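Working notes, structure below.
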Amino acid sequence: MILLEVKNRIVEETLLYRFDSAKPESIDITVADFDGVLYHISNPDGDKGKIRVSISLKFYEDIKLHGAEGLLRKIYGDYLVAPEAGNDVSIQFDYEHLPENKAEWAAKTAMLKRNCFAVVFEKYFELQAKGGEKTTAIIHYRDKETMYVSALKDRVTVIFSTVFTDDDDIIIGKVFMQEFKERRGSGTAPQVLFYHKEPPQELAGTDALTGDNVGYITFVLLPRHYKDEKARDNTIDLIHTFRDYLHYHIKCSKAYLHSRMRARTAALLKVLNRARPEAKNVEKKTASGRTFVRK
């Protein structure tokens, strides 16, 4: 299976191109990402000597409650500026004072969405290490879809709710989730649980949706999944893209099934055409040119 990229490649390549250009140029680009996220790359107030990358998130107010500004300031430092109107976070570079490691900063800026998601995970990993937390973080990351994060004494639980738009998606999605549940791959992979129609008991008393097209995926993260910086970053990279990963592969599976069905239909039509009986009383010719009718 294909793992989706954590960073936005368009943002990264655009910044690298602009950083290495001979002279500053005007720019105004809007880039769409998963989960309804929008990037806007522009020159603030038309100043070609500066380039600003802004991001609009549906769930920013939710993560703001968990210290989003502090973590983003820690990652981006003085490059973090007041957000552009209509956006939630903005990063700005001055062509006269570009960072020395341009490639690293282009990649870091392209991971702005990921780093916004990381706010909640970083907080609850720390809370678990201190003994747990009674409250649950509720992040409405998409319309009608929510992420729940809680820290217990021995683990961190992450629950995604997702809505399947088609009946076919439900069937294929259940197959995917059953595989995750029964075959965990390596011994270090987290436990995965899947619930259909009804939310897990941990969400009792919340605004969790119910219905035939609603599914809940639970990840049980143990301390080994975030024991050091490398493990923590890898866990956040993988888990925050899981919903998009699941639906991406559902769509790919449906496309593959449709292509196989069309190929099979074409092959059967060829067989039927070859099996068509010859018409009776058809006039035929011999090698010498004489005609005759077979009766």
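Computed from a predicted structure; not experimentally measured.
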Polar side-chain atom of [X] near backbone of [Y] as donor-acceptor pair, under 3.5 Å:
X    : Y    : value
Q128 : K153 : yes
D228 : A231 : yes
N87  : P83  : no
S161 : E145 : no
N43  : K50  : yes
N115 : M111 : yes
Y124 : T157 : no
R52  : E84  : no

Flag for S90-S54: side-chain donor and acceptor within less than 3.5 Å: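 There is such a pair between these side chains.
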Over 12 non-hydrogen atoms of neighbours within 6.0 angstrom of CG in N273: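 It does: N273 CG has more than 12 such atoms within range.
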Exceeds 12 heavy-atom contacts within 6.0 angstrom, atom NZ of K254: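 Yes, enclosed.
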Chi angles and distances behind the side chain to side chain donor-acceptor pair (under 3.5 Å) call for Y216, E198: CA-CA 8 Å; Y216 288 88; E198 297 290 338; over 6 Å; no
Side-chain heavy atoms of T109 within contact of E12, under 4.5 Å: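 Counting from C-beta outward, T109 and E12 never come under 4.5 Å.
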Contact list for residues 77-113, test ring pair (Phe, Tyr, Trp, His ring centres under 6.0 Å), sequence neighbours left out: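 Applying ring pair (Phe, Tyr, Trp, His ring centres under 6.0 Å) to every pair that reaches into residues 77-113, excluding sequence neighbours, yields F19-F93, Y79-F93, Y79-W105.
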Check: residues 202-211 side-chain donor-acceptor pairs under 3.5 Å, at least two apart:
residue : atom : partner : partner atom : Å
T206    : OG1  : L203    : O            : 2.6
T206    : OG1  : A208    : N            : 3.4
D207    : OD1  : Y148    : OH           : 3.4
D207    : OD2  : H140    : NE2          : 3.2

Would you mind checking if [Y] and [X] are paired as a salt bridge, meaning a charged N to carboxylate O distance below 4.0 Å?
X    : Y    : result
E122 : R232 : yes
D237 : K7   : no
E5   : R9   : yes

Near-ring test F125/H225, centroid separation under 6.0 angstrom: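 Ring-ring flag for H225/F125: false, centres at least 6.0 Å apart.
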Validation row, ring centre F59 to ring centre Y141 under 6.0 Å: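 F59 vs Y141: aromatic centres not under 6.0 Å.
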Step-by-step salt bridge (Lys or Arg N to Asp or Glu O under 4.0 Å) determination, D88 to K64: CA-CA 10 Å; D88 299 301; K64 192 175 180 179; over 6 Å; no
If you take all heavy atoms of [X] and [Y], which pair is closest and at what distance?
X    : Y    : answer
F164 : H247 : CD2-CE1, 4.0 Å
L72  : L112 : CD2-CD1, 4.3 Å
D169 : K251 : OD2-NZ, 3.3 Å

Cluster overlap L65 with M147, hydrophobic side-chain contacts below 4.5 Å: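 They do not share one cluster, since no chain of ILVMFWY contacts under 4.5 Å joins L65 to M147.
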Whether Y245 and H249 hold their rings parallel, tilted or perpendicular, with breakpoints at 30° and 60°: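 Tilted: the ring planes of Y245 and H249 meet at 30° to 60°.
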Derivation of the side-chain contact (heavy atoms from CB on, under 4.5 Å) call for Q191 and F219: CA-CA 6 Å; Q191 182 183 7; F219 290 89; over 6 Å; no
Side chain to side chain contact (heavy atoms under 4.5 Å, CB included), paired with F160, selected from T218, I239, I139: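 For F160, the side chain to side chain contact (heavy atoms under 4.5 Å, CB included) test succeeds with only one of T218, I239, I139, which is I239.
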Under 3.5 Å, which donor-acceptor pairs do the side chains of residues 24-39 form with other protein atoms, sequence neighbours left out?
residue : atom : partner : partner atom : Å
E25     : OE1  : R18     : NH1          : 3.3
D28     : OD1  : H40     : NE2          : 2.6
D33     : OD2  : N8      : ND2          : 3.2
D35     : OD1  : R142    : NH1          : 3.4
D35     : OD2  : K113    : NZ           : 3.1
Y39     : OH   : K113    : N            : 3.2

side-chain contact (heavy atoms from CB on, under 4.5 Å) assessment of D62 paired with I138: CA-CA 7 Å; D62 293 334; I138 302 176; over 6 Å; no
